[in-house]
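Take a look at the structure below.
Throughout, residue positions are numbered sequentially from 1 according to the sequence presented.
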Amino acid sequence: MNNIKKLLCVAVILCFAAAVRAQENSYGLREDIQEGVILHCFDWTLSDIKSEIPAIAKAGFSAVQTSPVHKGENVGAAWYMLYQPYDYAIGNGIGNSNELTELCNTAHEYGVKIIVDVVANHTNGDLRYVASYWQDQSLYHDPFDVSNWYDRYQVTHGKIGMWDLKTEDSRVQEKIKKYIQDLKACGVDGIRWDAAKHIGLPSENDSFWSNVPDKTMYNYGEILDATGGNDNTLFPEYQQYISITDNQYGNGFASSFNNGQVNSSIGNFNQRGAETSKLVYWGESHDTYCNDGGSSKYISQNNIDRAYAVVAGNNGATALYFSRPSSTEKNNIKVGEKGSTHFTSKEVAEVNHLHNLCAGEPNYYVHEGNVAAQVRKSGAIIVLGSGSNSNVSFTNGDGKGNWMAAGTYTDKIGGGTFTVTSSTISGKVGSTGIAVISNGESTDPTDPTDPTDPDKVYTPILTSPNETSCFLETTRSGTIRIWVWNDAHNFNVNGTWPGDEIQYMGLSANGNSIYKWTYSGTETSMPTNVIFTDNGNKIIDHDLQFVNHGYYIDGIYTKTISDVISSISSFENNGKKNANLWYTLSGQALRQPSTPGLYIHNGKKTVVK
């Protein structure tokens, strides 16, 4: 009997850990990718993306886009070689099918979707470097280079440096369709179609778009600048099958902020027949950064963030955030190199959270003087055209009381105070030049980040009174790591600075993030020192004294946690005995997890379905 109780206890603890993980990392992410925002982990390995999924979810990204995973180049190859397919089967330098499945499984636990970049318009520039099947020249259009980008036939049939596939051919369609299903079987949720404007439409006697994309998945295609034909008719036809990119809108904002000016644009493709609800915006993309003469590579990250903030403030359109490689020279950007994690910064994350919060609400773009602002019903994104730490005053939408409710708000990025009346919004924008204000009323009733809901507030907990552990509560939003040691021993699994990532546990009552570190090794001595870091930077500059079970707030020790899981039982659900388990924490209520089959007592009987 005692053994059974022990097993039940272990089962409860494991279920609780899984439940917490599932719930605490939802962050109000959107189920529909088009309603959320996308992080482009360009050239990252799938395992590197997997390791950052908790931070990606916390930063408010509903989806992650990978580079192409079809057969091709290994780690260390130039990035553009991934855009010259060898064969339509999974596996290259960034990962294989098993790693893709693992990534999708982990991402789904956190509410994040996975999009894979697919190159279906062409293969290699030299058919000697493709699989034997694809060496058959009858699978390609007659080889000629595009010379007139305003000739639609040339755009859909000509070479753009690589052999142009005959996408209207059923042999080509079936191979690529099979590849899409292989991706789907790994758990992939969406496809980004490279060079989509170079693939013809049904009205042009090419059935690719009506036959190949899986309509149960999210699909969007790359269209740069124009179609080469009548955009007013071709944009809507593409959008019958896929969402499309509007590169000129975001590129225009990046350029204007780089010049210290506010852009008045409310879109580009949507002025030429496209529906905003099926557009993809960005501040920059891999094309604007990685190619020779890329328009964004020498624009500061902060000005790109300002552009992203404005385009991500739109309703309907999704927005893509690009993780910059460390190099700017085209041939030095390599397959498999992890890019910037600046996406975790507060100015990016808070823009994402407002985008998710306001999904479905209209937006009103205000551009007055040095201010660009996307005003919604539940909040606003405010961006300075130049400078920082400035007081601003601008119109509340149309100024007729139809937009943000009057009141006093705190900027979620810089901490400044904003006063909203029916006609104006006034306050101070902080050091990033970006401010986000909101009334905190989510349009998603399942938003798990609302700290006012007691079922969604994390209570610090010890799984054993004998564990070696500590907690950190912080306002920081980067990758939080811990470095723990004494004179004789290093307690870090990762023995190199800045140490191990510390496990995110949930939100405090005031909405701050809480992390927990638990030692899993065999050392019997106790640590004496600890350092917490945010993206490799010390949260406090000096070494801290390690207190076992200590609770630190932004690096300052405040108390010691003593509560331990203490009781296991069954309870009645609607008058019937339930074989599932619940537990309390030394008589204190624990928040309810979202996984089925586990019930936590919170002073009320709650069924998790």
Side-chain angles (χ1 to χ4, degrees), residues 21-22 25-42 44-70 88-91 94-120 176-194 196 209 212-222 239 241-245 277-282 285 312 316-323 343 352 355-356 359 444 446 594:
R21 188 180 187 194
N25 292 287
S26 296
Y27 296 104
L29 304 182
R30 308 305 303 183
E31 181 68 22
D32 184 341
I33 293 174
Q34 185 67 35
E35 290 185 348
V37 286
I38 305 166
L39 175 66
H40 189 185
C41 290
F42 178 74
W44 290 33
T45 65
L46 302 182
S47 59
D48 278 343
I49 299 173
K50 177 185 171 184
S51 70
E52 291 287 351
I53 287 295
I56 291 167
K58 183 179 178 183
F61 289 98
S62 294
V64 173
Q65 179 178 309
T66 77
S67 288
V69 298
H70 51 60
Y88 291 97
I90 301 170
I94 72 167
N96 56 38
S97 59
N98 288 336
E99 290 167 322
L100 182 58
T101 300
E102 291 174 4
L103 168 62
C104 292
N105 289 342
T106 298
H108 295 161
E109 289 178 11
Y110 288 85
V112 176
K113 304 295 198 311
I114 297 298
I115 299 170
V116 170
D117 202 346
V118 170
V119 184
I176 297 175
K177 190 172 184 178
K178 169 64 166 55
Y179 175 58
I180 299 304
Q181 293 308 305
D182 290 344
L183 294 173
K184 184 178 181 180
C186 291
V188 171
D189 305 283
I191 304 297
R192 183 261 188 188
W193 295 94
D194 182 71
W209 295 115
V212 178
D214 186 321
K215 296 178 179 59
T216 67
M217 303 171 75
Y218 177 74
N219 293 276
Y220 88 91
E222 177 197 36
Q239 288 185 319
Y241 310 103
I242 58 175
S243 293
I244 61 176
T245 60
S277 61
K278 295 196 75 174
L279 288 176
V280 179
Y281 295 148
W282 60 56
S285 73
T318 185
L320 177 116
Y321 190 87
F322 177 67
S323 166
F343 65 84
N352 292 346
H355 178 100
N356 295 334
D444 182 353
T446 63
S594 59

Exercise. Stepwise, does the side chain to side chain donor-acceptor pair (under 3.5 Å) test hold for His108 with Asp189?
Worked result: CA-CA 10 Å; His108 295 161; Asp189 305 283; 2.8 Å; yes
For this session: Tell me, yes or no, whether the heavy-atom count around Gln181 atom CD, taken from other residues, nucleotides or ligands under 6.0 Å, exceeds 12.
Result: yes
Would you call the rings of [X] and [Y] parallel, tilted or perpendicular, where under 30° means parallel and over 60° means perpendicular?
| X | Y | result |
| --- | --- | --- |
| Tyr321 | Phe61 | tilted |
| Trp209 | Trp193 | perpendicular |
| Tyr220 | Tyr218 | tilted |

Problem set entry | Verdict with supporting geometry, Cys41 and Asp48, side chain to side chain contact (heavy atoms under 4.5 Å, CB included) | CA-CA 9 Å; Cys41 290; Asp48 278 343; over 6 Å; no
Exercise. Hey, mind stepping through Lys178 and Asp182 against side chain to side chain contact (heavy atoms under 4.5 Å, CB included) and telling me if it holds?
Worked result: CA-CA 6 Å; Lys178 169 64 166 55; Asp182 290 344; 3.0 Å; yes
Output the distance between atom [atom1] ([X]) and atom [atom2] ([Y]), rounded to the nearest 0.5 Å.
| X | Y | atom1 | atom2 | answer |
| --- | --- | --- | --- | --- |
| Arg192 | Ser243 | CZ | OG | 13.0 Å |
| Leu103 | Thr66 | CG | OG1 | 7.5 Å |
| Leu100 | Ile94 | CG | CD1 | 8.5 Å |
| His40 | Trp282 | NE2 | CH2 | 10.0 Å |
| Ile38 | Ile115 | CD1 | CD1 | 4.0 Å |
| His70 | Leu183 | NE2 | CG | 10.0 Å |

Problem set entry | CA sep, side-chain torsions, deciding dist, call: Lys113, Glu31, side chain to side chain contact (heavy atoms under 4.5 Å, CB included) | CA-CA 8 Å; Lys113 304 295 198 311; Glu31 181 68 22; 3.4 Å; yes
Can you find a pair of side-chain heavy atoms, one from [X] and one from [Y], that are under 4.5 Å apart?
| X | Y | answer |
| --- | --- | --- |
| Val188 | Cys104 | yes |
| Thr101 | Cys186 | yes |
| Ile33 | Ser62 | no |
| Asp194 | Val118 | no |
| Tyr179 | Val69 | yes |
| Leu39 | Glu52 | no |

For this session: Work out which heavy atom in Val119 is nearest to a heavy atom in Pro68; give both atom names and the distance.
Result: CG2-CG, 4.1 Å
Seminar exercise, completed: Sequence neighbours excluded, the answer for side-chain hydrogen bond (donor to acceptor under 3.5 Å, both in side chains) partners of Ser323 is Trp44
